[in-house]
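As a basis for the values below, the full set of heavy atoms in this structure was taken, side chains included, without hydrogen atoms, waters or symmetry mates.
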Amino acid sequence: MQKKVFIKTFGCQMNEYDSSKMAALLEADGGYTCTDTPEEADLILLNTCSVREKAQEKVFSDLGRFKRIQKDRPEVVIAVSGCVASQEGKAIVKREPGFRPSDASSAPAND
């Protein structure tokens, strides 16, 4: 069974470009296929932007929604990339109780 990735992109054109590159790499090197349905995904990737506060809040809202998927399917990996990940780092884990990143130790320390 082929692994599936769901990528949600927030913000700027650069993030759109980055998301398309990540999808291509995951397909070519990781054996993933893209899906439009997060419930089908083995990997949920949020490529974030923090230029506007509303976009940043949408990220946290989606994390809450995707955590429910991960609760039902613990093997699902949720990854956060982009500006919010860079700026918030481990604060994402603190703000989202129960969020289980794949490797929190590699998140930037912005306490």
Checklist entry - About how many Å separate CD1 of Ile7 and OG of Ser20, when rounded to the nearest 0.5 Å? => result 8.5 Å
Item to check | More than 12 heavy atoms of other groups within 6.0 Å of Gln2 CD | outcome: yes
Checklist outcome for this item: Residue pairs passing the side chain to side chain donor-acceptor pair (under 3.5 Å) test with at least one member in residues 22-37, sequence neighbours excluded, are Thr35-Glu40
Checklist entry - Tell me, which pairs form a salt bridge (charged side-chain N to carboxylate O under 4.0 Å, His left out) where one or both residues lie in residues 7-21, sequence neighbours left out? => result Lys8-Asp62
Next on the checklist: Quick check: closest heavy atoms across Leu45 and Met22, and the distance to 0.1 Å?
Outcome noted: CD2-SD, 3.5 Å
Checklist entry - What pair of heavy atoms forms the shortest contact from Ile44 to Pro38, and how long is it? => result CD1-O, 4.0 Å
Item to check | Atom pair CG/CD of Leu43 and Glu75 - distance to nearest 0.5 Å | outcome: 12.0 Å
Next on the checklist: Using every non-hydrogen atom in the two residues, find where Cys83 and Cys49 come nearest and quote the distance to one decimal.
Outcome noted: CB-CA, 4.0 Å
Next on the checklist: Checking Asn47 against Ser19: is there a side-chain donor and acceptor pair closer than 3.5 Å?
Outcome noted: yes
Next on the checklist: Run Thr48 and Val80 through side chain to side chain contact (heavy atoms under 4.5 Å, CB included) and show every step you take.
Outcome noted: CA-CA 7 Å; Thr48 64; Val80 181; 3.7 Å; yes
Item to check | Which atom of Asp42 lies closest to which atom of Arg73, heavy atoms considered | outcome: OD1-NH2, 3.4 Å
Checklist entry - Got Ser81 and Leu46 here, is their nearest side-chain heavy-atom distance under 4.5 Å? => result no
Next on the checklist: Test your reading of the model: is there a side-chain donor-acceptor pair from Lys4 to the backbone of Glu39, 3.5 Å cut-off?
Outcome noted: no
Next on the checklist: Nearest 0.5 angstrom please: Phe10 CZ to Asn15 CG, how far?
Outcome noted: 10.0 Å
